[in-house]
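In listed order, ligands and their atoms are each counted from 1.
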Amino acid sequence: MSHSSAPTRRVTTATLAALHDRGEPAVWITAYDYPTAVFADRAGADVLLVGDSAAMTMLGHEGTTSITMDEMLVFTRAVCRGAKRAMVVGDMPFLSYQTSSARAIVNAGAFVAAGCGAVKLEGGRRVAPRVRAIADAGIAVMGHVGLTPQSLGQLGGYRVQGKTLAAAQRLLDDVLALQDSGAFAVLLEALPAETAAFIRERVDLLVYGIGAGPHVDGQLVIAHDVLGSFVGDIAPRFVRRYAEIGAATEQAIRSYAADVRASRFPAAEHCYPIDVDDEAELRAARRPRIEVAS
Ligand code: KIV
């Protein structure tokens, strides 16, 4: 009789649909590296999004449009190595899907080959043909509407979207186009809660939100926002901080630097012990320290 524990079952789009059917919100968080993926997976997150926000959180760019497919794949492979249960979603970077359906399929396929369970791309009606092409290639694909950071120039900055019934209707048309094209889900970003509810009630695909209130099928947060490790000036209203990792990191390195400068580190317990006779012999062979006159 085997006493080994049952293998962890990977979250899939079917798991997400089952959560929805039971009325349980799915937990999404971004991850870009192996340790964060391991910690988030152990903590029970359902989905890890390797967001193109890595451009800002990990690479220090001002926006998301400068990250490349090759860079995204490095982050994605690391996250996939760390995620044992969570589904990993790869975020298709700027110009990896806009220019042609063939290119969109090849790049979506690269995320799948890296270990992703699905890919995400930004836009509604205007990316519907790309969503259709990716879905027809057998790849689970989701859309992203509302505040879409790859189109920040067109949107005029980080602004709440869908603030009127007419704007909500346009967003709904986008989501319906995604649904009709085979998307399994959509992410709503930076919308009033009522707008998100208006959309949620009128579509059949899964609807997730970041800054879109509670009336959706689950929540996404940017790991650096909730962990307090984002370096930058953007502080969205929808973020709740659960840790101060940035401040803790800085303080730890200050303490380390102070210990080195005061010769408190390394101490005896950080040094490799050797045989006492060998140690005495080595000590006797040491050269006297020559003081350099200033
Ligand atoms: O890149 C990302 O993390 C995202 C979120 C901002 C929604 O797409």
**Student:** Have a look at Val50, Thr64, Leu49, Leu188 and point out the one with the heavy atom closest to atom 4 (C) of ligand 1.
**Tutor:** Leu49

**Student:** Tell me whether Phe184 shares a hydrophobic cluster with Val127, the cluster being built from Ile, Leu, Val, Met, Phe, Trp, Tyr side chains joined at under 4.5 Å.
**Tutor:**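 Yes; tracing contacts between hydrophobic side chains, which count when under 4.5 Å, links both residues.
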
**Student:** Under 6.0 Å from the CD atom of Glu244, do we count more than 12 heavy atoms belonging to anything else shown?
**Tutor:** yes

**Student:** Go through it in stages, so that I can follow the logic: the residues are Leu191 and Val160, the test is side-chain contact (heavy atoms from CB on, under 4.5 Å), and I'd like the CA-CA distance, side-chain angles, deciding distance and then a yes or no.
**Tutor:** CA-CA 6 Å; Leu191 304 186; Val160 181; 5.8 Å; no

**Student:** Flag Glu189 as yes when one of its N or O atoms lies below 3.5 Å from any N or O atom of ligand 1, and as no otherwise.
**Tutor:**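 No; every N/O pair is 3.5 Å or more apart.
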
**Student:** Tell me, yes or no, whether the heavy-atom count around Lys84 atom NZ, taken from other residues, nucleotides or ligands under 6.0 Å, exceeds 12.
**Tutor:**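 Yes, the 6.0 Å shell around NZ holds more than 12 heavy atoms from other groups.
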
**Student:** Does Tyr256 have more than 12 heavy atoms from other residues, nucleotides or ligands lying within 6.0 Å of its OH?
**Tutor:** no

**Student:** Judged on heavy-atom distance to atom 1 (O) of ligand 1, which of Val89, Ile67, Asp52 sits nearest?
**Tutor:**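 Nearest option to atom 1 (O) of ligand 1, by heavy atoms: Asp52.
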
**Student:** Tell me which part of Ile222 gets within contact of ligand 1: side chain, backbone, both or neither, using heavy atoms under 4.0 Å.
**Tutor:** side chain

**Student:** Got the closest protein heavy atom to atom 8 (O) of ligand 1, with its distance?
**Tutor:**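 It is Lys120 NZ, 2.9 Å.
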
**Student:** Is there a polar contact, in the sense of an N or O pair closer than 3.5 Å, between Glu122 and ligand 1?
**Tutor:**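 Between Glu122 and ligand 1 (N or O atoms, distance only) the closest approach is not under 3.5 Å.
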
**Student:** As an exercise, identify every atom of ligand 1 less than 4.0 angstrom from a heavy atom of His144.
**Tutor:**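 Near His144, meaning under 4.0 Å from one of its heavy atoms, ligand 1 has 7 (C), 8 (O).
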
**Student:** With nothing but distance in play, are any N or O atoms of Asp91 less than 3.5 Å from an N or O of ligand 1?
**Tutor:** yes

**Student:** Under 4.0 Å from ligand 1, counting heavy atoms only, is it the side chain of Thr30, its backbone, both or neither?
**Tutor:**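 It is the side chain that touches ligand 1; the backbone stays farther off.
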
**Student:** With atoms numbered from 1 as shown, which atoms in ligand 1 lie under 4.0 angstrom from a non-hydrogen atom of Leu220?
**Tutor:** 7 (C)

**Student:** Under the criterion side-chain contact (heavy atoms from CB on, under 4.5 Å), I'd like the reasoning laid out for Met56 against Phe230: C-alpha separation, chi angles, the key distance, then a yes or no.
**Tutor:** CA-CA 8 Å; Met56 301 165 76; Phe230 180 64; 4.2 Å; yes

**Student:** Around Arg261, counting heavy atoms of other residues, nucleotides and ligands shown, do more than 12 lie under 6.0 Å from its CZ?
**Tutor:**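 Result for CZ/Arg261: open.
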
**Student:** Is Arg132 salt-bridged to Asp136, going by a charged N under 4.0 Å from an acidic O?
**Tutor:**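 Counted as a salt bridge, because a side-chain N and a carboxylate O are separated by less than 4.0 Å.
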
**Student:** Once the angle between the rings of Phe75 and Tyr32 is folded into 0 to 90°, is it parallel (under 30°), tilted (30 to 60°) or perpendicular (over 60°)?
**Tutor:** perpendicular

**Student:** Looking only at protein heavy atoms, identify the closest one to atom 7 (C) of ligand 1 and say how far it is in Å.
**Tutor:** Leu187 CD2, 3.3 Å

**Student:** Going by the atom numbers of ligand 1, which of them fall below 4.0 Å from some non-hydrogen atom of Gly51?
**Tutor:** 1 (O), 2 (C), 3 (O)

**Student:** Could you name the option among Ser53, Gly211, Pro93, Gly146 that has the heavy atom nearest to atom 3 (O) of ligand 1?
**Tutor:** Ser53

